[in-house]
Protein chains: 2
Amino acid sequence: MPDAANPAPMNARRKFRREGEERRRQDLIDATLDSVAEHGLEGATLRTIALRAGVTAGLIRHYFPGKADLLQEAYAALMDRMTEQAKAALLMEDASPRQRLAAFVTANLNAPIIDQRVFSLWATFIGRAGADPTLARAHREGYLGFRNEVEAVVAEVLAAERRKPDAGELRHHAIAINAIIDGLWIEGCLAGEMFSPGELAAIGIKAIEAELGLAPEKQFQEK
Amino acid sequence: MPDAANPAPMNARRKFRREGEERRRQDLIDATLDSVAEHGLEGATLRTIALRAGVTAGLIRHYFPGKADLLQEAYAALMDRMTEQAKAALLMEDASPRQRLAAFVTANLNAPIIDQRVFSLWATFIGRAGADPTLARAHREGYLGFRNEVEAVVAEVLAAERRKPDAGELRHHAIAINAIIDGLWIEGCLAGEMFSPGELAAIGIKAIEAELGLAPEKQFQEK
DNA sequence: GGCGTTGTTGTGCAAGTGTATAAATAGCCT
DNA sequence: AGGCTATTTATACACTTGCACAACAACGCC
C-alpha cells in the first residue's frame, strides 16, 4: 500500500522510532499471536507479522534468532496470560475454599478466557504438540501445573468438609474437574452464543459439586 | 536419493499402476491426514502428500481442483471416522440405558478415539474454525449431533430411574456430560501414558453418574 | 494385437518463504 | 552540537510452494 499522499521524496526511507527492547518484543509477540490466530502457524509469515507490528520483516531477526523462537515465545506468552487470569481467582484470601473453587471455575468459564481467538491459538499450537516435543513439554508442564492447583483447592474444600480422601481419590477428582473445566471451556469458545451469560459457570460449578459429593450451596439440604 | 544400483536406463520414467478412482482418492486423503498430523496444515505440502501416497505431486490436481479442496475433504473424512466409532457404542439393543451410556463413555475414552494423531488433526483443523466459516459450521453440526445423542441417552437413563427432568435440566446435563467426555478425551490424547488402561473411562463414568445423581453401580453391590 | 483413452509422470514457473547482510538513521552521551 | 552505536530499513538470495502443462505409458476395447 504505497502512501501516495505524502510530499514524496521519491526514494525516501521509511521513518521509524526506536522503541524499548521489551516493548518491541511484546509488540512482535502480540502481532505474532494475531497473525497465527488469523492465518495459522505457517500462514503467519514474518512479513505479515512485521506488517501488523508496524515494522519491517528484517527487524524480527534482530530480536529473535528465527521464526521458531518467535513462535515458541508467543506460545509461552499465551499460556502465561491464560493461566495468570485463572490463578488470580484462587488468591482471594478471605474466602472459604469452596468459594475460591467456585471463583476459579467462574473465572475460567467467562471472558476473557472464554474467547474464540484464544481458543484458535490454543488449538493451533497444541495441534503440533504431537510432532514438536518442545511444544509437548510446554503443554505438559502447563497442564500439570493447572491440575495441581485444582488438586490443592479440592483438598482444601474436602478438608473443610472434614473428609479425608486418599491420594488416589484426590487425583481422580482433580482429573475429572480439570476435564469439566476444559470441556466447558471448549464449548463456550466454539459456540459461545448458545449459552446465556454465566450459564457455563453455573453448569460447571454444579457438575463439580456433584463430583465432589457436596450438598448444593445455597441452603442446608437433607439427603 | 538416486537409485544408482539399477540397470540404469538413464532417463527411465517411473513405473506406475492405474488404481481405481475411489481407491486413489482415499489414498490421497489418508496421506493428507498423515501429513497434516505430522507437519501441520500448511506444512503438509502437495509434494509431501504425494510422496506419502506413492505418487507424484501432479496427480493430486487430477483428483482435486486445489489444495484447499483436498484439505476440506480430508477434514470431512476425519470427522466421519471419529463420530462413526463413537455412535456405534450407542446401538447395543439389549442393554439398559445406563449400560449403553457407560459403553458410550468407554468407547470415547479408549483407543482408537483416544489417539494423539487424531487429536492433533482435530486441533489443527478446529484451530482454523475461527477464520474459516465452513469449518466452523461443520464443527457446530457435529457438536450438536453429538450432544443430542448424549441428551437422548440421558433422558432414557433418568426415565429408567423414574425421574422426570424438564428440558432445561436435560440440556444442562447433556452439556456437562459432553464437557466431561471432551475434557477427558483431551487429557487422554495429550498425556495418555499418565493414565492406566481404563482409568479415564472409569473416571468419566463416575463423574457422569455423580452429575446425574445416580448411585454407584456395583462397587459395593455384591450379589 | 494394435490403438485410443486417460491416469500418471516430469518439468517449468511465478510468487512467496525464511534467512543473511549491508546501508541508513534515531536518539543518547559527552 | 556532533559523533557513536544500536535499532531499523532495505535488498539480496537460495529455496520451497501451489499450480500449469506437455509428454508418456498402462489398461480396456475393438
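A, B, ... follow the sequence lines: proteins, then strands. Residue 1 opens every chain.
For the pair A/E187 and B/R171, the salt-bridge criterion is not met [side-chain N within less than 4.0 Å of a carboxylate O]. Comment: B/E38 does not engage A/R128 in a salt bridge, judged by the lack of any side-chain N to carboxylate O separation of less than 4.0 angstrom. With salt bridges taken as basic N to acidic carboxylate O contacts below 4.0 Å, one links A/E19 and A/R17. Using a cutoff of 4.0 Å between basic side-chain nitrogens and carboxylate oxygens, B/R25 and B/D30 are not scored as salt-bridged.
For DNA chain C, the residues of residues 34-58 of chain B within the heavy-atom distance limit of 4.0 Å (strictly under) are B/R47, B/V55, B/T56, B/G58, sorted by number. Contacts of residues 60-70 of chain A with DNA chain C (heavy atom under 4.0 Å): A/R61, A/G66, A/K67.
Scanning DNA chain C 5' to 3' for nucleotides with an atom closer than 4.0 angstrom to a non-hydrogen atom of chain A gives a first and last hit of C/dT17 to C/dG27.
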Between the protein and nucleotides 26-30 of chain D, which nitrogen or oxygen pairs come in under 3.5 angstrom?
| unit_1 | atom_1 | unit_2 | atom_2 | d |
| --- | --- | --- | --- | --- |
| D/dA26 | N3 | B/R18 | NH1 | 3.2 |
| D/dA26 | N3 | B/R18 | NH2 | 3.3 |

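Defined by atom type and a distance below 3.5 Å, a donor-acceptor pair is present between the side-chain atoms of A/T48 and A/T45. Counting only N and O atoms by type, the side chains of B/E151 and B/H173 include no donor and acceptor under 3.5 Å apart.
In this structure a side-chain-to-backbone donor-acceptor pair under 3.5 Å is missing from B/E211 to B/I208. Remark: the backbone N or O of A/A201 is not paired with any side-chain donor or acceptor of A/K206 at under 3.5 angstrom. Remark: side-chain polar atoms of B/R100 are not paired, donor with acceptor, to backbone N or O of B/A95 under 3.5 angstrom.
Applying the ring pair (Phe, Tyr, Trp, His ring centres under 6.0 Å) rule to pairs touching residues 50-84 of chain B yields B/Y75-B/F125, sequence neighbours excluded.
Counting any heavy atom pair closer than 4.0 Å across all strands shown, A/E19 reaches sugar-phosphate atoms only and no base atom.
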Below 3.5 Å, can you tabulate the donor-acceptor pairs from side chains in residues 107-117 of chain B to any protein atom, sequence neighbours excluded?
| unit_1 | atom_1 | unit_2 | atom_2 | d |
| --- | --- | --- | --- | --- |
| B/N108 | ND2 | B/F104 | O | 3.0 |
| B/N110 | ND2 | B/T106 | O | 2.9 |
| B/D115 | OD2 | B/R117 | N | 3.1 |
| B/D115 | OD2 | B/V118 | N | 2.9 |
| B/R117 | NE | B/D34 | OD1 | 3.0 |
| B/R117 | NH2 | B/D34 | OD1 | 2.9 |

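The structure places CG of A/L71 at 10.5 Å from CD1 of A/I29, a figure rounded to the nearest 0.5 Å.
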